[in-house]
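The structure that follows is given in the form of structure tokens.
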Amino acid sequence: MAAVPGPARSRFAVVGGGIAGVTCAEKISKTLEEFDIEEQPSSLLERRYTNIKVIQSGVKQLKSDEHKIFTEDGKEYMYEKLCLCAGAIPKLIFEGNPYVLGIRDTDSAQAFQKHLAQAQRIVVVGNGGIALELVYEIEGCEVIWAIKDKAIGNTFFDAGAAEFLIPKLTAEKRETPIECKRTKYTMEGSEKKERPVAVSDKVGSALGPDWHEGLNLKGTKEFSHKVHIEKLCEVKKIHLQQEFLQLQQMSLAFPKEEKNVEPDEVLWPVYVELTNGKIYGCDFIVSATGVVPNVKPFLDGNNFAIGEDGGLKVDKHMQTSLPDIYAAGDICTASWEPSPVWHQMRLWTQARQMGWYAAKCMAADALGESIDLDFSFELFAHVTKFFNYKVVVLGKYNAQGLGLDHELMLRCTKGQEYVKVVMQNGRMMGAVLIGETDLEETFENLILNQMDLSAYGEDLLNPDIDIEDYFD
């Protein structure tokens with residue numbers, strides 16, 4: 001009788017093929033000898049690093065007390081140290097409704113593009129980064145945008161910045177997109193072959209910051225932008241066409257003016273009833289309402305400490321509450337005492353930093369060395385692009401956690417730039433920079449060194465004074 005082969009053994013294992021997992025794998029493989037990476041859709045890493053073995057299978061179970069992972073293809077793997085980088089899954093407004101699309105990964109973005117090509121009107125629900133980019137990039141399709149806040153984009157900026165951006169939503173003339181100077185991470189061969197639409201329990205890695213480049217986000221109509229924003233509301237119910245007809249209620253046409261309410265003559269496949277009482281028909285609904293940490297595959301039989309936001313709690317060395325298990329990226333909740341100007345946000349930039357740092361911590365622990373908290377956790381900094389403007393957010397850019405004990409300074413040139421700084425006791429605590437301000441490096445230093453700026457007063461944002469000369 002043939003002997004049953006035992007589980008494959010590796011010194012280090014990483015679960016997750018997103019940016020945190022790939023970064024963790026790349027970093028650790030430069031220093032250590034053997035490595036497993038889970039759910040990575042590309043063989044690129046194996047070619048680049050001979051000590052990485054890629055296994056394309058989902059995790060079925062984790063037995064932390066035995067240091068074992070069981071995969072869906074029936075195999076098992078033993079590890080000495082494990083890093084969980086399984087990301088997050090979309091928080092859909094309604095699960096299982098064929099007219100509700102979540103956009104989280106490459107597959108779902110491609111499915112969205114396909115639906116949009118036949119669409120005349122869609123409803124977008126949510127106010128985060130994906131919703132913001134989506135409503136700006138869509139052409140030739142009416143967009144009803146439902147947000148629960150008073151102003152657009154309140155995850156990233158305040159009502160003043162929102163007012164600065166809104167004129168771009170109605171502008172007909174499209175500018176040349178600002179050049180992307182970022183490192184790009186792409187899926188190997190994704191353009192060459194048709195891929196099945198992702199289902200909610202098989203979510204791929206999160207979309208990068210330039211996810212809409214290369215996608216043709218165009219509907220059936222000839223106009224450019226047509227966006228109507230419904231503020232301070234959420235989705236109450238979704239009615240299929242037949243259900244809506246039985247309701248015998250009025251749905252609204254696309255508003256021509258803010259106060260002009262007219263009944264809709266068109267019969268739509270699906271109808272959205274908002275908490276403000278309005279009903280709009282549309283071709284489909286985009287749920288862009290954030291994500292929840294993808295912890296479910298790992299919880300059974302393992303006593304992980306879980307954060308309030310549902311993530312695996314990690315300490316300042318990215319270790320979970322269980323021995324030899326680390327976590328990085330969207331799946332984890334930072335549970336150390338943070339720097340006064342850093343906070344966690346589930347963004348690509350942080351997933352990359354955490355993956356990199358988790359690898360350093362795993363390597364140091366294996367070698368019995370101590371390691372200090374990485375410098376990238378000293379200051380929150382994120383660069384992105386909204387409405388074709390460069391957007392930089394630094395530190396406590398929305399005065400997060402500062403209470404009433406702070407003041408704001410503003411500088412705004414319509415259509416060109418918007419600069420806001422958050423001050424507390426004469427020190428800069430955060431900033432929002434929209435447009436080509438060239439202030440990010442100077443402000444980064446001022447936030448980090450906590451210099452007393454009281455003497456400069458309003459001159460700090462005076463456009464006639466070159467602030468960089470003061471603080472070189």
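Starting from 1, each residue takes its place in the sequence as its number.
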Quick one: do the D365 and H317 side chains pair a donor with an acceptor below 3.5 Å? no
Residues forming a side-chain hydrogen bond (donor to acceptor under 3.5 Å, both in side chains) with E440, sequence neighbours excluded: K390
Is NZ or CZ of K396 both nearer than 6.0 Å to the six-membered ring centre of F380 and within 45° of the ring axis? no
Are any of the side-chain heavy atoms of Y418 and L165 separated by less than 4.5 Å? no
Verify whether one side chain among H228 and E230 offers a donor that lies under 3.5 Å from an acceptor in the other. yes
Indicate whether any N or O donor in one side chain lies under 3.5 Å from an N or O acceptor in the other, for S287 and T289. yes
Does K168 count as lying over the ring of Y389, i.e. NZ or CZ under 6.0 Å from the six-ring centre, within 45 degrees of the axis? yes
Who passes salt bridge (Lys or Arg N to Asp or Glu O under 4.0 Å) against K237, sequence neighbours left out? none
So how far is it from L433 CG to E444 CD, rounded to the nearest 0.5 Å? 10.0 Å
Any ion pair linking D309 and R346 (charged N to carboxylate O, less than 4.0 Å)? yes
Kindly assign one of parallel, tilted or perpendicular to the pair H343 and Y397, based on the angle between their ring planes and the thresholds 30° and 60°. tilted
Output field: ring centroids F157/F164 closer than 6.0 Å: no
From CA spacing to verdict: side-chain hydrogen bond (donor to acceptor under 3.5 Å, both in side chains), D315, Y326: CA-CA 9 Å; D315 64 15; Y326 299 70; over 6 Å; no
Are the aromatic ring centres of F284 and Y99 under 6.0 angstrom apart? no
Would you please name every residue forming a side-chain hydrogen bond (donor to acceptor under 3.5 Å, both in side chains) with N97, sequence neighbours left out? none
Angle between ring planes, W336 versus W342, binned at 30° and 60°: parallel, tilted or perpendicular? parallel
Please list, chain by chain and in numerical order, all residues satisfying side-chain hydrogen bond (donor to acceptor under 3.5 Å, both in side chains) with N154, sequence neighbours excluded. D149
Spell out, as yes or no, whether a donor-acceptor pair under 3.5 Å connects the side chain of D158 to the backbone of A161. yes
Mind checking side-chain hydrogen bond (donor to acceptor under 3.5 Å, both in side chains) for S376 and listing every partner two or more places apart, or none if nothing turns up? D374
Hey, would you say the Y136 and F386 ring centroids sit under 6.0 Å apart? no
Residue set satisfying salt bridge (Lys or Arg N to Asp or Glu O under 4.0 Å) with D283, at least two apart, ordered chain then number -> none
